[in-house]
Amino acid sequence: MAIAAAISLSLPPQTRRSSASIAAPFRSTSSLHFDSLRSNFSSLKNPNLRVSASSMSIGTPEKISTTSFLDRRESGFLHFVKYHGLGNDFILVDNRDSTEPRVTPEQAVKLCDRNFGIGADGVIFAMPGVNGTDYTMRIFNSDGSEPEFYCAYWCGINCSRNSRRRKVDMGEPILKASDVPTKLPANKDQAAVKADINVDGVTWNVTCVSMGNPHCVTFGNRQSQNLTVDELNLAAIGPKFEHHEMFPARTNTEFVEVFSHEHLKMRVWERGAGATLACGTGACAVVVAAVLEGRAGRSCTVDLPGGPLDIEWKEEDNHVYMTGPAEVVFYGSVAV
């Protein structure tokens with residue numbers, strides 16, 4: 001996933017330069033900002049937490065030196081930091097000394113398991129820079145798939161010690177249907193806007209948007225023009241959208257309820273991760289779709305299961321801006 005935003009990841013201070021871009025196959029549109037691990041640890045809500053087992057340990061900085069933690073390279077162990085933004089959680093791994101991720105997609109699935117692993121929506125690897133950049137990034141989803149671009153919500157937010165809300169440039173939306181990509185025919189300036197799609201015998205109206213990754217946004221179907229998103233059986237309908245033949249790269253799907261011209265509510269089924277508590281690119285795609293369909297203005301509060309995001313699609317530069325919090329959950333080590 002190409003990331004059009006700033007990010008503060010807890011990496012040791014061996015490199016303090018601030019610019020980076022996403023490596024191929026990711027679409028690079030802006031830079032990443034990496035700060036020291038120590039500046040983030042003071043935001044932990046459970047300063048006395050420490051759980052140890054034969055295969056995994058979880059700790060706080062009072063117990064382990066923060067300066068050297070992610071630099072450790074014990075054979076058979078993976079050191080990580082877990083972040084979340086509105087409940088959309090990821091395992092961050094410092095992978096800057098190798099061009100290959102420290103774990104395989106199959107291992108990532110196990111790490112993301114919420115019962116038998118660390119628990120997360122995916123694993124993010126900070127990789128060596130290329131073509132003059134300081135860092136690149138790769139991601140494995142919780143199902144082991146690797147997206148061309150994916151923005152876990154917190155990736156778009158500059159983490160700070162007090163988790164203040166930050167405004168971040170998420171870049172320009174891609175509306176050309178074939179570039180999203182979708183096989184749905186374009187019906188408005190090369191875009192698929194309020195297009196019909198049959199999913200399991202029900203005709204839905206959808207608008208397709210890419211924020212570097214594909215999104216299918218729906219506000220209703222022929223039976224129910226105005227959704228009440230809390231009534232949806234997301235686990236049943238989400239996969240049918242994700243794997244629909246009209247989306248050759250699969251798709252993220254956002255189901256949206258309109259409260260007012262400035263207030264929307266969404267639930268998301270993420271490609272490769274399923275139902276999640278938040279999705280930054282999804283919230284951005286929702287506002288773009290709402291504007292294209294004439295349902296909302298360019299500046300909206302979007303309620304997600306994990307909390308609200310403020311989204312603005314500026315007419316002046318065609319960029320989408322996202323505002324919200326992010327924070328460290330814990331750091332730890334796990335046998336791999």
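Along the sequence shown, the residues carry numbers beginning at 1. Only this structure's heavy atoms are used, side chains among them; waters, hydrogens and symmetry mates stay out. Treat the numbers as computed from the prediction; the structure is a model and nothing was measured.
- Val256 places none of its side-chain heavy atoms less than 4.5 Å from the side chain of Leu227.
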Using the rule given for side-chain contact (heavy atoms from CB on, under 4.5 Å), can you reason through Val202 versus Asn198, listing the C-alpha separation, both sets of side-chain angles and the distance that settles it, and then say yes or no? CA-CA 5 Å; Val202 177; Asn198 187 290; over 6 Å; no
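- Looking at heavy atoms from C-beta onward, Val302 lies in side-chain contact with Val287 at the 4.5 angstrom threshold.
- Taking a 6.0 Å sphere around NZ of Lys82, one finds it holds more than 12 heavy atoms contributed by other residues, nucleotides or ligands.
- Across all non-hydrogen atoms, the minimal contact from His84 to Leu86 is ND1-N, 3.5 Å.
- Proximity of Glu257 to Leu264: side-chain heavy atoms (C-beta onward) are nowhere separated by under 4.5 Å.
- Atom CZ in Phe90 sits 6.5 Å away from atom CG in Asn141 (nearest 0.5 Å).
- Of the possible polar contacts, none joining the Asn131 side chain to the Thr133 backbone as a donor-acceptor pair under 3.5 Å is found.
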### Query
Do Asn205 and Asp196 pass the side-chain contact (heavy atoms from CB on, under 4.5 Å) test, and can you show the C-alpha distance, the side-chain angles, and the key distance before you say yes or no?
CA-CA 5 Å; Asn205 303 126; Asp196 287 347; 2.8 Å; yes
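- No more than 12 heavy-atom neighbours from other residues, nucleotides or ligands sit within 6.0 angstrom of CD on Glu315.
- With hydrogens and angles disregarded, no donor-acceptor distance shorter than 3.5 Å links the side chain of Gln190 to the backbone of Ala186.
- At least one side-chain heavy atom of Pro214 sits less than 4.5 Å from a side-chain heavy atom of Pro181.
- Two residues are said to be in side-chain contact when any heavy atoms from C-beta on lie closer than 4.5 Å; Tyr321 and Trp313 fail this criterion.
- Side-chain atoms of Lys265 do not come within 3.5 Å of backbone N or O of Thr228 as any donor-acceptor pair.
- Side chain of Arg298 to main chain of Val320: no donor-acceptor pair is present (N/O by atom type, distance under 3.5 Å, no hydrogens or angles).
- Counting heavy atoms of neighbouring residues, nucleotides and ligands inside a 6.0 Å radius, atom CG of Asp317 exceeds 12 of them.
- A side-chain donor-acceptor contact under 3.5 Å links Thr207 and Glu293.
- Across every non-hydrogen atom of Trp269 and Leu234, the tightest pair is CE3-O, 3.7 Å.
- The side-chain heavy atoms of Ile118 and Val334, taken from C-beta on, include a pair separated by under 4.5 Å.
- Looking at Asp113, its side chain does come within 3.5 Å of a backbone N or O of Asn115 through a donor-acceptor pair.
- Under 4.0 Å is where a charged nitrogen must lie from a carboxylate oxygen, and between Glu312 and Lys167 at least one such pair does.
- Defined by atom type and a distance below 3.5 Å, a donor-acceptor pair is missing between the side-chain atoms of Thr301 and His263.
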- Task: Evaluate the side-chain contact (heavy atoms from CB on, under 4.5 Å) criterion for residues Val336 and Val103: first the C-alpha distance (whole Å), next the side-chain angles of each, then the deciding distance (0.1 Å), finally the verdict.
- Result: CA-CA 8 Å; Val336 293; Val103 299; 4.2 Å; yes
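- Ion pair Asp143/Arg250 flagged as a salt bridge, since at least one NZ, NE, NH1 or NH2 atom sits closer than 4.0 Å to an Asp/Glu carboxylate oxygen.
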* Residues Phe255, Trp204; criterion ring pair (Phe, Tyr, Trp, His ring centres under 6.0 Å); working and verdict -> CA-CA 11 Å; Phe255 301 88; Trp204 294 77; 5.8 Å; yes
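- Here Asp179 contributes atom CG and Ser210 contributes atom OG; the two are 8.0 Å apart, rounded to the nearest 0.5 Å.
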Could you walk me through whether His215 and Thr281 satisfy the side chain to side chain donor-acceptor pair (under 3.5 Å) test, starting with their C-alpha distance in whole Å, then the side-chain angles of each, then the deciding distance to 0.1 Å, before giving a yes or no?
CA-CA 8 Å; His215 292 270; Thr281 52; 3.1 Å; yes
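- Taking OG1 from Thr276 and CG from Asp121, the interatomic distance works out to 5.5 Å, rounded to the nearest 0.5 Å.
- Among all heavy-atom pairs drawn from Asn213 and Arg271, the shortest one is CB-NH2, 4.0 Å.
- In summary, Asp230 and Arg267 do not engage in a salt bridge, as defined by a charged side-chain N under 4.0 Å from a carboxylate O.
- The closest donor-acceptor contact from the side chain of Ser224 to the backbone of Asn221 lies at 3.5 Å or more, if one exists at all.
- One hydrophobic cluster holds both Phe219 and Met266 under the rule that ILVMFWY side chains link at heavy-atom gaps under 4.5 Å.
- Remark: Glu245 does not engage Lys183 in a salt bridge, criterion side-chain N to carboxylate O under 4.0 Å.
- At least one side-chain heavy atom of Val209 sits under 4.5 Å from a side-chain heavy atom of Val288.
- Judged purely by atom type and a 3.5 angstrom limit, Lys188 uses its side chain to pair as donor or acceptor with the backbone of Leu292.
- Atom CE in Met246 sits 7.0 Å away from atom OG1 in Thr182 (nearest 0.5 Å).
- Here the closest non-hydrogen pair linking Glu254 and Asn252 is OE2-CB, 3.8 Å.
- The main-chain N or O of Gly272 is found under 3.5 Å from a side-chain atom of Glu242 such that the two form a donor-acceptor pair.
- Val286 and Val291 end up in the same hydrophobic cluster when Ile, Leu, Val, Met, Phe, Trp and Tyr side chains are linked at under 4.5 Å.
- Hydrophobic clustering keeps Val93 apart from Val109 (ILVMFWY residues linked when any side-chain heavy atoms are closer than 4.5 Å, directly or through intermediates).
- Heavy atoms only, all atoms of each residue included: Leu277 and Leu304 are closest at O-CB, 3.6 Å.
- The ring of Phe140 has its center closer than 6.0 angstrom to the ring center of Phe125.
- Atoms CD1 and OG, on Ile311 and Ser299 in that order, are 9.0 Å from each other to the nearest 0.5 Å.
- Between the side chain of Asn187 and the backbone N or O of Val193 there is at least one donor-acceptor pair closer than 3.5 Å.
- Counting only heavy atoms from C-beta outward, the side chains of His244 and Thr251 never approach each other to under 4.5 Å.
- Taken from SG in Cys300 to CZ in Phe259, the straight-line distance is 12.5 Å, to the nearest 0.5 Å.
- Taking every heavy atom of both residues into account, Met170 and Cys284 meet most closely at CG-SG, 3.8 Å.
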Open item on the list: side-chain contact (heavy atoms from CB on, under 4.5 Å) for Leu184 and Cys208? Distances and angles first, verdict last.
Closed with: CA-CA 9 Å; Leu184 290 170; Cys208 298; 3.8 Å; yes
